Amino acid sequence: MKKILYTSLFIAALVSPKINAQYQPKNISAEDFKKAQQWTDRTYNSLSQDEKLGQLFIVALYTNKGEDYINQVRNIITNDKIGGLILMQDDAAREINLVNEFQQKSKVPLMIGMDAEWGLFQRIATAHKFPWAMTLGAIQDKNLIYQMAAKIAEDCHRMGINWDFAPVVDVNTNPDNPIIGNRSFGSEVGNVISSALSYSNGLQDHNILAAIKHFPGHGDTSTDSHLDLPVVSHNLDRLNSVELAPFKALMDKGIGGVMVAHLYVPSLESGKGIPASVSQNIITGVLKEKLGYKGLIITDALNMGAVANKYKPGELDAMAFKAGNDIMLFSQGVSEGKKLIQKAIDRGEIPQSRLEESVKKILLTKYFLGLTQYTPKNPENINTDLNNDSHKTLVQNLYSNALTLLKDDQKLLPVAGKQMYYVPLEEAPYQTFINRLGPDVVLKKADEISTIPAGSTVIVGLHKDNSTAYKPYKISTESKRILTSLTRNQKVILNVFGSAYALKDIDISKISTVLVSYENNDDSMNATADALNGKTKIWGRLPVLVNSQLKTGMGIDFIPASK
């Protein structure tokens, strides 16, 4: 009886007019807050039950799947009155035109979301790429992450996007994690929290909603949840101190969204094989009741193999809503899901007050994001607006501040004006780097190293494929052999243009100088060459535990002599 009474009181508290969606503009006046609530109540009361149910769903909009696909989305918006869209690949101008059209057709403004963890480039190839979270985790001045997120917010506004499904706050304690890895700020809880808070504030201070993900923590998994259901088997003490810690720390900071993962976590869910994304114990029991989170709760994409392969269209949506989610993302069966949720309401399995709670949270957030005054966006010059010198300057500064010097035993830095050699290894481009280093550096391919005079200084670049965040970081046996060979007679500067995990099984004891650049692209290579030439200081710190010698927080400062 006590439990029933507590639950009733809890639900009543959640739907009380004094409880609001967690995100709201800073320094909002009491009068403006009252207007927001009035609009929310008025809009809610104007909606039919079917329209209220529609607010719970976000579907995907691709522009690279043809007109038939776009017409399907158009019909869902018209017939099912959905709450929002997630923009996927790939034509920015076409997406703007479609969003303009769909917003005009919608009785309630649509929430437009995008996975833009490293900027809109994550979905729009013509946009400028910002660094991955792992790179940002190496940066000591977290205000730079705020500046990056503010720029991403500007790009979102340009596209008509209101919600960036970022940042990832998973603590990446597993180097073999196939899906988080570079998307995590690192393996140390405090660094993840401070980095994620700067990112979230940079978005939300500029009126773009953030979403911390993937609750209750996807950092120690070795299965890709796009393909199958990962298991996180830690006990409660470990979950509280690592996986859950960033969520607990950030939830009272006004962050507007939490995205729930497709993970099986036995310590939090007794039902065998039940994913967190449809677990009432985890979403309602832990996230809402125990942790007291009042912002928007959204599922991870419901088309992912970890869950989509096991249920019919709509079943997953109904289970996810019943478990406590407010929004079902990437729904594969909106009309079926609406029917199943309504049936559950009719049977008394879900109270109508639960629907009211979610829809009012969604509406209030839409109001605070300015969606009631939507003005169409102009598609002209969009690619230039998303990729110009303002992006390049900011991004190179971010890479510059992330650079991590792990050792410089023979004081080989800076390299400017010194005759030396450059040996590029691994599979990715390197030309930008050597061009920026300058004319004193002589290129030698791997099969030419025997022609390098003994006692020379040799920069070895490990250039890893930067085309996606999910590429393997491991270094080939051949590259390791060449590196070992060079250390016998040369003074070596090893430069890792890839994940710090690349050093996991490399013996660096005989290497004088080791620098981690984290990524291999033009911005990263230019920033690295400038630092090696003594134009900028190096002061990043290792964001992950690599092995017993290379631990989180390692790094030494290199401050070039003032010119």
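What you see is a predicted model, and the numbers here were worked out from it, not measured in a lab.
A donor-acceptor pair shorter than 3.5 Å can be found between the side chains of Asn383 and Thr126. Checking Gln72 against Lys65 by side-chain atom types alone, no donor-acceptor pair falls below 3.5 Å. Side-chain contact check for Arg238 and Thr173: at least one donor-acceptor pair (N or O, by modelled atom type) lies under 3.5 Å. In this structure, a donor-acceptor pair under 3.5 Å is present between the side chains of Asp346 and Gln342. Judged by distance alone, the side chains of Asp300 and His218 never bring a donor and an acceptor atom under 3.5 Å apart. A donor-acceptor contact closer than 3.5 angstrom is absent between the side chains of Gln332 and Asn303. There is no side-chain donor-acceptor pair under 3.5 Å between Lys81 and Ser106. Between the side chains of Tyr374 and Asn162, no donor-acceptor pair is found at a separation under 3.5 Å.
One N or O on the side chain of His262 and one on the backbone of Ala301 form a donor-acceptor pair closer than 3.5 Å. In terms of modelled atom types and a separation under 3.5 Å, the side chain of Asp170 and the main chain of His214 share a donor-acceptor contact.
Exactly one residue among Asp80, Val334, Leu85 makes a side-chain contact (heavy atoms from CB on, under 4.5 Å) with Phe57. That residue is Val334. With Ile86 as the fixed residue, the side-chain contact (heavy atoms from CB on, under 4.5 Å) test singles out one of Phe330, Tyr62, Trp163: Phe330. Gln89 pairs with exactly one of Asn64, Leu61, Thr63 by the side-chain contact (heavy atoms from CB on, under 4.5 Å) rule, that one being Asn64.
Counted within 6.0 Å of NZ on Lys105, heavy atoms from surrounding residues, nucleotides or ligands total more than 12; the atom is thus considered enclosed. Around NZ of Lys107, the count of heavy atoms belonging to other residues, nucleotides or ligands within 6.0 Å exceeds 12. In Lys253, the NZ atom is crowded: over 12 heavy atoms of neighbouring residues, nucleotides or ligands sit closer than 6.0 Å.
Separating the OG1 atom in Thr365 from the CG atom in Asp326 is a distance of 8.5 Å, to the nearest 0.5 Å. We find the CD1-NZ distance between Ile96 and Lys377 to be 9.0 Å, quoted to the nearest 0.5 Å. One finds the NE2 atom of His128 at 11.5 Å from the CG atom of Leu386 (value rounded to the nearest 0.5 Å).
Side chains of Arg183 and Glu117 form a contact here, defined as non-hydrogen atoms less than 4.5 Å apart. Residues Phe215 and Ile282 have side chains in contact (heavy-atom distance under 4.5 Å, counting atoms from C-beta outward).
What you find for Gly333 and Ser331 is that their closest heavy atoms are N-OG, 3.2 Å. When all heavy atoms of Lys142 and Leu136 are compared, the closest pair comes out as NZ-O, 3.8 Å. The nearest pair of heavy atoms linking Gly219 to Asn177 is O-ND2, 2.8 Å.
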Practice prompt. Take Glu95 and Arg123 through the salt bridge (charged side-chain N to carboxylate O under 4.0 Å, His left out) test and state the conclusion after the steps.
Written response: CA-CA 11 Å; Glu95 286 183 345; Arg123 295 292 179 245; over 6 Å; no

